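Here is the structure we will look at.
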Amino acid sequence: MAITFEKSTRTFYLDGHNVTYAFCINELDYAEHLYYGKRIPHDSLLYSRTIGAGSFDPTPPGKDGQIGYDRFPSELTFFGNSDYREPCVHVENATGDRLCEPLYVGHDILDTKPAVHGMPCMTGGETLVLHLADAVSGFAADLYYTVYDDADVIARRVVYHAGNSAVVLRRAYSFSLSLPRNEYDCLSLYGNWAKERHIQRIPLHHGVVSIDSKRASSSAVLNPFMAIAERGVTETHGEVWGINLVYSSSFVLKAQGTNDGTTLLTGGIQDFDFSWELAAGDSFETPEVVIAYSAEGLGGMSRAFHRVYRNHLINQRFVNATRPVLINNWEGTYFNFDTPKLKAIVDAVAGTGIDTFVLDDGWFGARNADNAGLGDWFVNEQKLEGGLQPLVDYVHSKGMKFGLWFEPEMVNENSDLFRAHPEYAIAAPNRERCYTRHQFMLDLTCTEVRDYIVDTVNRIIRMYGIDYVKWDYNRNVTEFFSGALPAHRQSEFSHRYALGVYDLCERIINANPTVFFEGCSGGGARFDPAMLYYFPQIWTSDNTDPEERTKIQYGTSLVYPLSSMSCHVSAIPNHQTGRYPSLHTRACIAGMGATGYELDSTQLTEAEKTEIQQYITTYRDDEELILHGDVYRVEDPFTGNYYGVAVVSPDKARGMLTVYRRMGSVNNEIKRVRMNGLDPERYYTIPELDITLSGAVLMNIGLVPKFEYGDFQTLQYHFKAQ
Ligand code: GLA
């Protein structure tokens with residue numbers, strides 16, 4: 001039993017792999033948090049409560065000075081009887097008051113985790129459903145908790161229910177969680193286009209630290225992730241709680257340092273520009289939040305996320321499968337291609353090990369530049385003479401798979417679709433639409449629009465026997481309004497947009513179960529767990545420069561597995577930065593994820609093709625590590641001149657270490673890189689050095705990499721246990 005209810009103390013103990021989560025039902029029937037951390041026995045934890053009321057603390061009747069509402073570390077913070085911290089839920093009752101007091105009314109322990117309706121979530125086993133309800137209004141909240149025996153995480157979410165009268169949800173977050181101190185650091189992943197998921201660390205303070213999106217997309221600006229860590233936490237030492245939302249629309253995550261010396265964490269669907277009307281008896285499901293705990297620093301947190309996402313979240317049809325090593329024509333041709341050119345690109349990679357050709361943007365409608373054609377999902381026969389089929393057949397005849405680019409959620413003003421159905425594009429009454437990349441967004445809150453997209457995209461996939469789809473999304477919502485919603489429900493738009501995206505994914509991705517779908521959003525601007533549920537890998541960034549990629553991939557690995565990151569080798573000078581890294585460096589850094597190529601292969605020399613063939617052979621040999629290995633970050637490119645990431649098989653029989661030096665300099669410092677994750681007792685052969693050493697030596701003394709002369713140099717080592 002992973003979930004136990006100790007009746008005498010009314011305490012729930014939820015035991016995961018190495019973690020325990022505990023809370024009690026207190027004397028007022030509140031769900032009061034006690035502990036989330038390293039696994040502990042089921043002692044009574046009531047001695048550790050700190051609920052005494054101080055001055056200005058509102059108290060229940062008859063408890064003046066004894067129990068302060070403001071002090072309970074609540075499993076569901078709420079507004080009304082004057083807990084002044086960030087509420088998890090804020091509800092407007094039919095009477096107009098905004099009070100609710102969800103108290104314990106019962107619980108269920110389920111053998112299997114129920115799915116969230118209309119939204120992706122993790123699978124899982126034993127699940128506690130805690131039933132809370134407000135005695136006055138009948139408003140209720142069911143809190144779901146799932147623990148895992150293979151990873152140190154807990155999955156939480158809430159289902160809110162209106163009672164006998166309608167209510168308006170002004171805020172409907174997914175969780176609240178209290179941590180025992182307030183001297184923590186907060187880490188988050190910030191960025192921009194071509195600069196996704198850089199790591200930011202700040203100290204928490206009294207007051208609220210908040211990260212969010214108001215774009216109806218998870219965004220490259222801030223990922224729906226926050227880690228709260230012991231001050232000075234390192235990759236290997238210190239306590240960390242990592243929070244990640246399984247959600248792709250506007251979100252918020254908050255950490256509040258409170259006056260009683262604790263920290264309150266809460267968040268979920270962004271409540272700015274949000275409200276949701278719940279008719280009497282109706283329910284509202286929130287997205288899931290995954291909360292990882294590590295006593296072994298940031299590395300432990302990452303490995304917990306990676307493991308649980310691979311085992312329970314990421315598209316289970318493909319997550320463990322060998323990945324395509326593809327050639328994509330985007331940086332090779334942009335919009336300027338025809339069938340002979342594409343065939344030549346395919347021919348040029350013969351024998352290299354590349355097994356998939358992906359035809360990127362520009363194959364449809366009047367798409368000769370980014371200002372026309374989106375929405376017109378029929379083949380541009382001016383570029384592809386005779387249609388798409390001859391090209392698909394040609395690629396298949398070479399023993400390769402065929403991939404195709406779509407941007408299903410979008411439309412250009414200059415398109416047949418927009419001319420026929422301008423009402424399909426998001427717009428607000430009497431206002432001009434904003435442009436981004438000359439395009440508008442389709443209103444996915446509207447069933448007719450979704451049906452159109454599903455029909456046209458599925459028709460192409462099936463008609464041509466497409467094996468692989470790259471699903472792009474190159475702008476964010478501006479006019480948050482839907483013609484399909486009445487005026488008083490317009491603030492439901494951003495969440496309904498997400499539900500529309502998931503509906504498309506169900507009806508396109510899950511309806512074509514053998515087709516491999518890669519996610520993309522102008523690079524990695526929608527890289528979140530909900531997308532990974534559908535897309536086994538996501539294009540990590542439009543920035544393909546390995547120097548920039550070391551940071552982007554290092555930051556992304558804080559939460560997401562290596563196998564979820566699409567990483568391509570591109571041409572030099574790099575199209576984003578103008579740098580000239582060697583093919584070796586480009587291949588090694590792109591090899592730290594789901595690797596591929598994105599260049600005009602007809603320009604490659606024979607020597608380069610031979611080199612590429614060797615890189616792909618090595619990559620295939622290492623693929624098990626990329627797919628299933630445990631990641632250990634050993635050199636931080638944000639704080640030093642080096643990037644170092646190791647990946648070790650779960651049985652510790654194999655490992656691989658990639659180290660990269662940004663700038664060379666004369667009279668270089670001596671660099672030692674300590675390996676991590678190996679078995680200290682075992683001996684490992686390192687073919688690159690022709691040496692055999694114990695795990696203990698490799699992890700305590702480390703290697704002394706001898707980089708080549710010059711900047712942007714990379715070395716790779718493999719470790720094979722004897
Ligand atoms: C986005 C993607 C690129 C490419 C272009 C095509 O920017 O991130 O990889 O597909 O769109 O327009």
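Since the structure is predicted, the reported quantities are computational estimates derived from the model, not experimental observations. Ligands are counted one by one from 1 in listed order, and the atoms in each one are counted from 1 as well.
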Arg215 backbone acceptor or donor facing Ser219 side chain under 3.5 Å
no
Testing Ile461, Leu388, Val358 for side chain to side chain contact (heavy atoms under 4.5 Å, CB included) with Leu404, which one passes?
Leu388
Among Ser217, Ser213, Ser218, side chain to side chain donor-acceptor pair (under 3.5 Å) partner for Asp528
Ser218
State plainly whether the residues Asp600 and Lys341 are in salt-bridge range, i.e. N to O under 4.0 Å.
yes
Regarding Asp361 and Arg367, does a basic nitrogen lie under 4.0 Å from an acidic carboxylate oxygen?
yes
Nitrogen or oxygen contacts under 3.5 Å, ligand 1 side and protein side:
from     : atom 1 : to     : atom 2 : distance (Å)
ligand 1 : 7 (O)  : Asp542 : OD2    : 2.9
ligand 1 : 8 (O)  : Gly523 : N      : 2.8
ligand 1 : 8 (O)  : Asp542 : OD1    : 2.5
ligand 1 : 8 (O)  : Asp542 : OD2    : 3.2
ligand 1 : 9 (O)  : Lys470 : NZ     : 2.7
ligand 1 : 9 (O)  : Trp539 : NE1    : 3.3
ligand 1 : 9 (O)  : Asp542 : OD1    : 3.4
ligand 1 : 10 (O) : Asp360 : OD1    : 2.6
ligand 1 : 10 (O) : Asp360 : OD2    : 3.3
ligand 1 : 10 (O) : Trp405 : NE1    : 3.0
ligand 1 : 10 (O) : Lys470 : NZ     : 3.0
ligand 1 : 10 (O) : Asp472 : OD2    : 3.3
ligand 1 : 11 (O) : Asp472 : OD2    : 2.9
ligand 1 : 11 (O) : Asn474 : ND2    : 3.4
ligand 1 : 12 (O) : Asp361 : OD2    : 2.6
ligand 1 : 12 (O) : Arg437 : NH1    : 2.9
ligand 1 : 12 (O) : Arg437 : NH2    : 2.8

Taking NZ, NE, NH1 and NH2 as the nitrogens, is one of them in Glu407 or Lys470 under 4.0 Å from a carboxylate oxygen of the other?
no
